[in-house]
Amino acid sequence: MSYIQQILFVLAAGFAIWLFAGNIRKIRRNILLGKEEPYTDNPSQRWKNVFLLAFGQKKMFRNPLVAVMHFVVYAGFVIINIEVLEIFLDGVLGTHRLFAGWSGALYIFLINAFEWLAVGVILFCAIFLIRRNIIKLKRFISHDLDGWPRSDANYILITEIVLMILFLTLNASDTLLQQRGYGHYAEHTTGNFVFSQFLHPVLDGIGNGGLVGVERTCWWLHILGIFAFLNYLPYSKHLHILLAFPNAYYARLWPEGKIRNMPAIQHEVLYAMQPGLAPVNAVAPDKFGAKDVTDLSWRNLLDAYSCTECGRCSSACPASQTGKKLSPRKIMMATRDRTEDIGRNIDANGEFKDDGKTLLHDYISVEELRACTTCNACVEECPVSISPLEIILELRRSLIMDESNAPQEWNVMFSNVENNFAPWKFSPDERDKWAEEMQ
Amino acid sequence: MHVPTMAEMMANGQTPEVLFWVGCAGSFDQRAQKITKAFATILHKVGINYAILGKEEMCTGDPARRAGNEFMFQMMAYQNIQTLNNYGIKKIVTACPHCFNILRNEYPELGGQYEVVHHTTLLQQLIDEGKIRLREGGSFKGKRITYHDSCYLGRANDIYDAPRKVLELLDAELVEMKRCRSKGLCCGAGGAQMFKEEEKGSTRINFERANEALDTAPNVIAAACPFCNTMLTDGVKNKEKEAEVQVLDVAELIAQSME
Ligand code: SF4
Ligand code: SF4
């Protein structure tokens with residue numbers, strides 16, 4: 001019997017890991033569809049960001065109450081993985097509570113700590129569900145999330161609750177069997193654990209055979225649930241529990257106000273002004289800014305895959321808040337959708353086959369791009385170091401420089417800048433009129 | 001009062017301590033000209049050796065770049081950097097956060113490296129050094145003032161305290177809006193929005209922000225950016241509060257209270 005379980009476990013684990021590795025490889029390939037951009041300077045600052053922003057979730061603490069709840073759910077999820085390691089080894093080796101024999105009191109302390117975390121996770125996930133579905137916080141009922149993204153968030157919260165209940169029931173049935181001195185359960189007596197003992201009265205009516213069934217079922221469902229969760233991540237906003245770390249490492253280390261330079265244009269202007277400097281075979285770039293995700297940098301695509309769809313950006317965005325069509329969260333979701341679509345296209349055809357679509361126009365409209373004030377509120381709020389603004393600006397560049405698509409008022413402004421050296425139609429001779437008036 | 005230009009200084013064999021970069025709004029916009037004059041007056045009274053570029057100054061290219069027109073931006077940056085480098089400029093002060101940001105963060109990689117300060121930072125330094133003294137019982141004593149963070153000063157460059165420290169000197173009652181500092185709501189002008197109609201929406205951004213400022217029941221809304229100033233002034237007018245509530249630049253508040 002035990003051998004059959006061991007074999008089944010190894011097969012399930014192998015399948016889950018194989019599937020997951022394949023998905024991760026695809027995501028990595030998709031991200032690298034973006035253009036190269038160096039992000040390797042200053043490693044010490046980058047590691048600091050990983051600890052502060054990713055492990056420490058520093059930005060979340062802009063709202064301390066939510067930060068604490070989120071931190072418990074996340075810590076619960078990560079730390080309970082130490083227990084999953086034991087479950088995994090038990091599964092492979094056919095052992096039971098492998099670590100209990102080695103570590104005695106520490107083991108009992110750890111399991112009790114996990115139970116505290118499990119209860120915390122259940123409680124806070126329930127609160128998160130209430131915030132989303134009953135209190136209906138504004139950023140969660142936005143149309144950005146219509147359809148799959150809204151269900152995605154709920155599924156994950158429910159799954160977390162179920163996994164934690166399985167974990168507690170597993171401990172409860174185990175300790176009850178220990179008390180009864182039944183079979184191998186009696187070999188490592190751990191004593192009761194802090195929360196699961198309260199489930200004993202519920203389980204007490206079940207005979208030994210049935211209780212072993214409960215224990216095994218919980219054990220299997222718990223670990224299979226985790227395998228399923230692992231393979232659900234790549235399709236979900238919950239990918240952020242993995243990608244928040246690289247995204248913090250590759251955070252932009254310059255002031256938010258600075259925007260990406262375009263050296264190609266810088267040089268073209270330089271050669272126009274000083275033709276002597278132009279190399280003989282200078283070729284002008286044929287494309288400016290970004291029309292599709294492949295024109296963005298890999299950094300922007302990593303951003304898109306890291307987005308938690310939390311909507312903090314859009315709640316702070318002056319355009320979203322005054323009813324404009326722009327929502328920085330939607331910019332990120334659209335960028336991820338388009339990247340995924342291109343990835344699927346490559347999977348199906350071996351290489352990308354033109355589908356007549358582009359990020360600009362088909363996924364993100366001109367009206368959205370036009371509404372941005374470049375205020376950086378979205379960048380400032382994002383808990384996982386995303387810049388929706390960078391994508392908006394790259395798309396704007398394509399609109400203006402490739403398509404000459406500008407509102408009439410901007411064209412007037414451009415020509416004023418060109419001819420009068422100011423965005424308004426004033427004579428450059430009047431630039432210091434104010435100073436003359438002070439004489 | 002005479003405002004010296006770089007060309008004059010050069011002709012007289014002088015070098016100023018600091019270049020006052022006026023910016024397009026400060027040069028041409030009637031409302032913003034008052035801010036420029038107030039700041040020049042302060043520089044003059046404190047006895048700072050400064051100069052302006054005068055007719056040689058050009059748009060930094062900020063609205064063009066943020067609208068997406070990189071060509072135009074690079075053209076402007078090239079010409080301005082030539083002018084600044086020809087004069088051997090080392091230090092620049094400006095009363096416009098957009099000029100400040102672009103000169104400080106975006107010109108260096110194009111060959112324009114200067115020490116750039118915003119006028120609120122310079123004012124704070126002058127106050128700390130005891131060089132700016134205000135009249136006893138100045139005109140803003142006891143008044144309620146709320147400060148609006150400019151995006152390009154605050155989030156873009158992390159300058160939140162300097163303007164507030166300057167305002168503290170006025171002996172006024174400083175009140176914060178619901179969204180302030182790094183959470184401050186934009187006035188709606190940035191990203192070249194100043195130069196076009198807003199997109200369709202439920203309200204205007206400057207109305208939303210001005211209403212939030214008015215919720216603090218202020219006598220004065222203080223700004224540190226000529227564009228914010230225009231946007232908030234329009235928002236206050238929209239609520240027909242312009243008789244009770246003034247929108248003033250930090251420099252104007254100080255200039256009006258100086259000895
Ligand atoms: S930078 Fe643009 S998208 Fe981001 S919050 Fe400001 S207006 Fe919204
Ligand atoms: S971009 Fe950042 S703030 Fe906006 S939804 Fe995604 S994770 Fe949240």
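Proteins come first, then strands; the chains are lettered A, B, ... in the order of their sequence lines, and each starts at number 1.
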Item checked: Working for ring-ring contact (aromatic ring centres under 6.0 Å, His included), residues B:Phe195 and A:Trp424 -> CA-CA 9 Å; B:Phe195 305 99; A:Trp424 297 285; 5.5 Å; yes
One option among B:Gln33, B:His2, B:Glu198, B:Arg65 has the most heavy-atom pairs under 4.5 Å with chain A, and it is B:Arg65
Item checked: Check: B:Ile205 main-chain N/O paired with A:Thr322 side-chain donor or acceptor under 3.5 Å -> no
Note: vs chain A, highest number of non-hydrogen pairs under 4.5 angstrom among B:Met75, B:Arg179, B:Gln79, B:Arg104 is B:Met75
### Cationic N near anionic O, under 4.0 Å, A:Glu381 to B:Lys183
yes
Measure from the side-chain N and O atoms of A:Asn376 to the backbone N and O of B:Arg155, and report whether any donor-acceptor pair falls under 3.5 Å.
-> no
Turns out that what part of A:Gln408 lies under 4.5 Å from chain B's heavy atoms comes down to neither
Answer key: most heavy-atom pairs under 4.5 Å with chain B among A:Ala435, A:Ala272, A:Ala377 is A:Ala377
task = Considering only NZ, NE, NH1 and NH2 on the basic side and carboxylate oxygens on the acidic side, decide whether A:Arg431 and B:Glu57 come within less than 4.0 Å.
result = yes
So, the part of B:Met72 with a heavy atom under 4.5 Å from chain A: the answer is side chain
- Item | Test: A:Arg397 and B:Glu70 ion pair at under 4.0 Å | yes
Cut-off 4.5 Å, heavy atoms of chain B, and the answer for A:Glu394 is neither
Between A:Pro255 and B:Asn157 the two heavy atoms that sit nearest each other are CB-OD1, 4.1 Å
So, the part of B:Arg204 with a heavy atom under 4.5 Å from chain A: the answer is backbone
Exercise for review: Spell out, as yes or no, whether a donor-acceptor pair under 3.5 Å connects the side chain of A:Trp254 to the backbone of B:Asn105.
Suggested key: no
Note: B:Ala40 and A:Trp434 closest approach over all heavy atoms is CB-CZ3, 4.0 Å
If you tally heavy-atom pairs under 4.5 Å between each of A:Pro428, A:Pro407, A:Cys372 and chain B, the highest tally belongs to A:Cys372
In terms of heavy-atom contacts, A:Trp410 and B:Gly191 come closest through CZ2-O, 3.7 Å
Turns out that what part of B:Phe100 lies under 4.5 Å from chain A's heavy atoms comes down to neither
Discussion item. Checking the side chain of A:Lys325 only, and the main-chain atoms of B:Gly201 only, is there a donor and an acceptor separated by less than 3.5 Å?
Written reply: no
Does a side-chain N-to-carboxylate-O contact under 4.0 Å join B:Lys55 and A:Asp429? no
Applying a strict 4.5 Å limit to non-hydrogen atoms, the region of A:Arg260 in contact with chain B is backbone
Under 4.5 Å to a heavy atom of chain B? For A:Glu437 that would be side chain
Turns out that what part of B:Phe71 lies under 4.5 Å from chain A's heavy atoms comes down to both
Can any side-chain N or O of B:Glu208 pair as donor or acceptor with the backbone N or O of A:Pro318 at less than 3.5 Å? no
Counting heavy-atom pairs under 4.5 Å with chain B, the top scorer among A:Glu256, A:Lys324, A:Lys258 is A:Lys324
- prompt: Does atom CD of A:Glu36 have more than 12 heavy-atom neighbours, drawn from other residues, nucleotides or ligands, at distances under 6.0 Å?
  reply: no
Cut-off 4.5 Å, heavy atoms of chain A, and the answer for B:Phe227 is side chain
Of the listed A:Met401, A:Arg370, A:Glu430, the one with the largest count of heavy-atom pairs under 4.5 Å with chain B is A:Arg370
Problem set entry | B:Arg66-A:Thr373 side chain donor-acceptor pair, cut-off 3.5 Å | no
Practice prompt. Evaluate whether atom NZ of B:Lys37 has more than 12 neighbouring non-hydrogen atoms of other residues, nucleotides or ligands under 6.0 angstrom away.
Written response: yes
Checked B:Ala156, B:Gly188, B:Ala77 vs chain A; the most non-hydrogen pairs under 4.5 Å come from B:Ala156
Cut-off 4.5 Å, heavy atoms of chain A, and the answer for B:Gln82 is side chain
Self-check item: Sidechain-backbone polar pair: A:Gln439 side chain, B:Val3 backbone, donor-acceptor under 3.5 Å
Solution: no
Under 4.5 Å to a heavy atom of chain A? For B:Ala25 that would be both
Minimal heavy-atom distance between B:Cys59 and A:Ala422, with the atoms involved, is CB-CA, 4.1 Å
